[in-house]
Protein chains: 2
Amino acid sequence: MKITATRQKILDSAVLLVSEKGYLGATTREIAKKAGVTELTLFRHFGTKEKLFGSIMGSNSFLPALREILPDLEEMSYAEALEMLGTRFLLSLKERKPFVKIMQSEMTRYPAEMRRVYGHFMDDMLGTLALYFESLQRKGQLRDFSPTMASRMFMGMLFSYFRTEEIMRNVDITRGKRMNKAVAEFVDIFVHGTLPRTNGTVRRKRS
Amino acid sequence: MKITATRQKILDSAVLLVSEKGYLGATTREIAKKAGVTELTLFRHFGTKEKLFGSIMGSNSFLPALREILPDLEEMSYAEALEMLGTRFLLSLKERKPFVKIMQSEMTRYPAEMRRVYGHFMDDMLGTLALYFESLQRKGQLRDFSPTMASRMFMGMLFSYFRTEEIMRNVDITRGKRMNKAVAEFVDIFVHGTLPRTNGTVRRKRS
DNA sequence: ATGTAATGTAAGTACCTACTTACATTTTGA
DNA sequence: TCAAAATGTAAGTAGGTACTTACATTACAT
């Protein structure tokens, strides 16, 4: 067995087990067993459980996904762009589900590692989305609102949806059309709001 | 020391420690020490670490908060009602921050306990919000959309905001006006959307 | 084919954990 | 005041953990 293959098998087992049982709950013995190697081999490769955990964080990056998600925004309509962004964002979360679980669970206890990976991804994503909003605002195609907060709102509702369905309820969001329906519904409200379209502005009238 | 007082001190210490270090990371010794009692006292009260954890889940309920949040929705305008709901929801999350952290971390590993508490709260909250949307839709004050998905969207974006600020970045959302600003921004987009108000419907036109 | 790098076997170390037992001390309530 | 209830002290159990050491075996490249 090639050294890199062994390394990878250990890393994969570790990701799965840690995502299920947490950092403390996933023992080196069990990780090694799941990887089909001896515990000693694990330690020869990574030296320490802590270092193994660090390798997980280092090897599992969100960043490549971002580049896949972002292109061609200019070529499609506003709602189409948001739907595509939302869908791809959810799919990239789904692909990295065990990793998302780990971050969710160990966030509080290992903030440095987490922030480096997750924070980077989120900042990039939010920043790019905000820039997109800004450019449309400058063209007059969107009204005036905070691009930053709008980005956080958009990503936040998608992330919560993912969290509720996949992590809490353990539902596969890619089955059927539920994900597409949800994204379409979210985007529709995000674009058009919840007020009737024919009505004028009813807002800011007390009782 | 009254028996109930001791019990409560142990429960409080346990909540804090478990929220910081997780269920496995919080040892009974440390919990007892933080509560100012002996480890033996802890076991005399709760018998088992697992039972202690169960008591945490049982004692710390979200439900009372719901009753505080929900009244008087009919008396105020749509946007006002949403802002109030959003603000009180965030404040009730903030009050239970350690508990929210625990659920966030241990969700995957202790699904039964979690779902009982968190699920109840969320279902109640989402259900009530959905009913509110529906009633306004019937009055013609809101356009046609899925009340359920809209509720999830609304709560989801607020929860993500809380998660990012308070749990990840450890920022106090109640300081200054940042929370009110954020809620106002979210509600504004949720109510009016992101399209310009003067423009007609540009939607569903390809390129 | 053979030397080297990678892995396995087996035994063990030092430490920590949840939890227990026996007995002494304090606190509380009537 | 005084018995009962609650807590403390001290020592220990059984099991698990990350990690180590010494030595044997396999796989691979030249």
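To find a chain, count down the sequence lines: A is the first, B the second, and so on, and within it residues start at 1.
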Reckon B:His45 has a side-chain N or O less than 4.0 Å from the OP1 or OP2 of D:dT7?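 Answer yes for this pair, as a side-chain N or O of B:His45 is under 4.0 Å from OP1 or OP2.
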Distance below 4.0 Å between B:Thr41 side-chain N/O and D:dG8 OP1 or OP2: yes
Donor-acceptor pair between A:Asp12 and A:Gln8 side chains, under 3.5 angstrom: yes
Side-chain donor-acceptor pair present, B:Thr28, B:Glu39, cut-off under 3.5 Å: yes
Would you work out how much the helix from C:dA1-D:dT30 to C:dA30-D:dT1 bends between its ends, with each end axis defined by five base pairs, to 10 degrees?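 So the angle between the two local helix axes works out to 30°.
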Rounded interatomic separation in angstrom, taking CZ from B:Phe53 and P from C:dT17: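 In whole Å, C:dT17 P lies 18 Å from B:Phe53 CZ.
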Tell me the interatomic distance from A:Lys33, atom NZ, to C:dT7, atom C1', rounded to whole angstroms. 19 Å
Taking every non-hydrogen atom, the tightest pair across A:Phe99 and A:Ile56: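 Scanning both residues completely, I find the closest heavy atoms to be CE1-O, 4.1 Å.
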Of all the heavy-atom pairs spanning B:Leu24 and A:Lys21, show the shortest one and how long it is. CD1-O, 4.5 Å
Taking the ring centre of each residue, are A:Phe145 and A:Phe133 less than 6.0 Å apart? yes
Are any of the side-chain nitrogens in B:Lys94 or B:Asp172 under 4.0 Å away from the carboxylate oxygens of its partner? yes
Ion pair check, B:Lys139 and B:Glu74, cut-off under 4.0 Å: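 The answer is yes: the pair qualifies as a salt bridge.
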In short, ring-ring contact (aromatic ring centres under 6.0 Å, His included) pairs touching residues 161-184 of chain A with sequence neighbours left out are A:Tyr161-A:Phe186
Which parts of nucleotides 12-21 of chain D does protein reach within less than 4.0 Å, heavy atoms only, written one letter per nucleotide 5' to 3' as B for base, S for sugar-phosphate only and - for none? -----BSB-B
Applying a 4.0 Å non-hydrogen cut-off, can you work out what B:Thr38 is touching in the nucleic acid: base, sugar-phosphate, or nothing?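 Result for B:Thr38 = base.
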